[in-house]
Amino acid sequence: MTAQHKHTYDKAGNQLCCTHTTKIYTQAGASELVDHQQTGKEDSHVGHDHAEHHHDDDGHDHSHVEGSRVKLFAPAIVSFLLLMIAIVWDNWIAQEWFDGWIRVVWYVVAYVPVGFPVIKDAVVSIRKGDVFSEFLLMVIATIGAFAIGEYPEGVAVMLFYAVGEVFQTLAVSRAKGNIKALLDQRPDEVTVLIDDRPQIIKATDAEIGSIIQLKPGEKLGLDGELLSDVASFNTAALTGESKPDRKSKGESVLAGMINLNTVSLIKVTTAYTDSKLSKILELVQNATAQKAPTELFIRKFAKIYTPIVVFLAIGICLLPALFVQDYVFSDWLYRALVFLVISCPCALVISIPLGYFGGIGAASRNGILFKGSNFLDALAHIQHVVMDKTGTMTEGVFQVQEVNFDANFDQATILKMVNALESNSTHPVATAIHQYVGEVDHGIRLDQVEEIGGHGLQAIVEGKQLLVGNFKLMDKFNVHYDVDLASIVYTLIAVAYDNKFVGYITIADSIKADALETIEQLHKLNVKATMLSGDKSSVVRHVADQLGIDHAYGDLLPEDKVNKLKEIKAQNQRVAFVGDGVNDAPVVALSDVGIAMGGLGSDATIETADVVIQDDKPSKIPIAIRIGKQTKHVVWQNITLAFVVKGIVLILGAGGIATMWEAVFADVGVSLIAILNAVRIQKMKF
């Protein structure tokens, strides 16, 4: 069905569609991403059918690269064969009949397959107000070549331009492979149990509470709760890690996970559009809307640069008539046409956004999500990483470190009593003690159980008082103890029985396995590290000393963290803050880049942070910085290459030294080199 193409414009009224960049991206089969690049609007239905965006009369070639590559190359192949035959007849095997209007028509026929689509694009752009486009430059140059009788060169220039477009299309498609794979992670259908019978329905029709039957090798379409006893999943779509994740009954499982072993049953807990994967897909799709400063500059530059080039070409053609005695119009027109071909800004307008998108793709492959290419640039300049402690550099799960009881008490018996009493609490400390001691002994009778706010618990066991809590609880009940509290860096749980001090249990949050490596890698990047935490200062300093963190501050309230960050920024340093993205929202807002340890279950972090690390590994922080630095490095390599080569050939062209063939290299050749350089990001190991 034919639908009318609606052109889009930015706030300044500049047309955003029907450009060379848009055409290449659309040919690469990434129109759903082009939509976000043009409008910056969120798609209300992330799991859309790609065909909804494909119209037939918008002036673009919508053939997907996933289709036949022969189809992409077909126009160029036809033109090439006709051109080669004509050149042979012109230079080596002369044909008497190949002359006059027959020769002209032959070259026109050779020109049409590659030239007509570009002429069509130029006309569409002019009709919509974008007069000085890349398409117009090529049309003027090639038709001008025909006007002065340079038929082979006119066809050749457009032929190489068309071949360059095809290679750019293939390069774009390959560079977007990771992101396109991510966009295809969620299945459109799920198998649900209705009256205990499996039935396949659309994932969008599955209701909360429905039971999904997931076979081995199948991808989960919605977030849910595992009903089966045990199941293993590949979470690569969400974390970038292919290591199997073992889940037990009652645990959360997420859309995009792949079932590895037995048939599993999952109860749907989240609507299709609200799932974790939906939020990730929205984030990735909208990433192109947030442009890096370099990318914005090039876009504005091209808008000014192209008309200047056209007027300079006119000047090169006409002005010498005022100063040159033996002025020949056709000679200077040829120089002007060479100048136009060289000046085409394709190498910049394609390779630079592709470079940034390559960086976003490389990051997503590593389980790191950027909300825009501007944050790639920002991370490349980061000088200081400020981080939270709990859940960022530590696991966020407390564990018993040491049990220090008086020898006059039976440790096993007291621990069973403590475990029984703590079973009445949901505090993380109670969970740590339960994991250390084991199953609760229900044979222990507890009477008069009471929780004393800010202190701990008390109960009567075998007619005697049992106290479990902090040392304030000991002071409250006048229990004497001889412990140097300042010398112990862990959280302390004091225990008293029958009004006698039994001893204490130390509990601490374990440091993440890759935390030390993270700080070492940051230092190699000349990035300083500071830890800010609400935990007690002795604990924070202890963790910082173990990891080699430059500065550490504890006992901080949220407003204290803000003040500390302001102090760091006052030293003219670019700062990234790493935390949970919700509790530290004021600090995230103040930092240059907010990085969230997103985990698999935290939806809010995806909405608050600029960068989301999906698997909670702090070692991804230096990886993200390296990706930002390398992306910026490649982008500036492309900018330098384009300007230097084009500048040299422009001077040669204006002086009559460079021909159309050098012009083709300066345009198509440089574009392809820049594209291949941008795609290189995808293969790099960070």
inquiry  = Is any side-chain heavy atom of Pro622 closer than 4.5 Å to one of Phe686?
reply    = no
message = Ignoring hydrogens and geometry beyond distance, is a side-chain donor-acceptor pair present between Thr659 and Glu662 at under 3.5 Å?
response = yes
Main-chain N/O of [Y] paired to [X] side chain as donor or acceptor, under 3.5 Å:
| X | Y | result |
| --- | --- | --- |
| Asp377 | Ser373 | no |
| Asp592 | Ala576 | no |
| Lys620 | Ile368 | no |
| Lys629 | Ala380 | yes |

query = In terms of heavy-atom contacts, does CH2 of Trp97 have more than 12 from other residues, nucleotides or ligands at under 6.0 Å?
reply = yes
inquiry  = Counting neighbours of CZ on Phe80 that are heavy atoms of other residues, nucleotides or ligands and sit closer than 6.0 Å, is the number greater than 12?
reply    = no
inquiry  = Could you walk me through whether Leu379 and Phe370 satisfy the side-chain contact (heavy atoms from CB on, under 4.5 Å) test, starting with their C-alpha distance in whole Å, then the side-chain angles of each, then the deciding distance to 0.1 Å, before giving a yes or no?
reply    = CA-CA 10 Å; Leu379 266 185; Phe370 281 84; 3.5 Å; yes
request  = Could you point out which residue of Phe116, Trp106, Phe146 forms a ring pair (Phe, Tyr, Trp, His ring centres under 6.0 Å) with Tyr111?
outcome  = Phe146
task = Would you name the heavy atoms of Gln637 and Arg680 that are closest together and state the gap between them?
result = OE1-NH2, 3.3 Å
key: Within residues 323-333 or reaching into it, pairs that qualify as side-chain hydrogen bond (donor to acceptor under 3.5 Å, both in side chains) - sequence neighbours excluded   = none
query = About how many Å separate CD1 of Ile87 and CG of Leu82, when rounded to the nearest 0.5 Å?
reply = 11.0 Å
ask   = Can you tell which of Leu83, Val104, Asp90 makes a side-chain contact (heavy atoms from CB on, under 4.5 Å) with Tyr151?
value = Val104
request  = Would you please test Arg335 and Phe339 for side-chain contact (heavy atoms from CB on, under 4.5 Å) and show each step?
outcome  = CA-CA 6 Å; Arg335 295 186 186 188; Phe339 185 85; over 6 Å; no
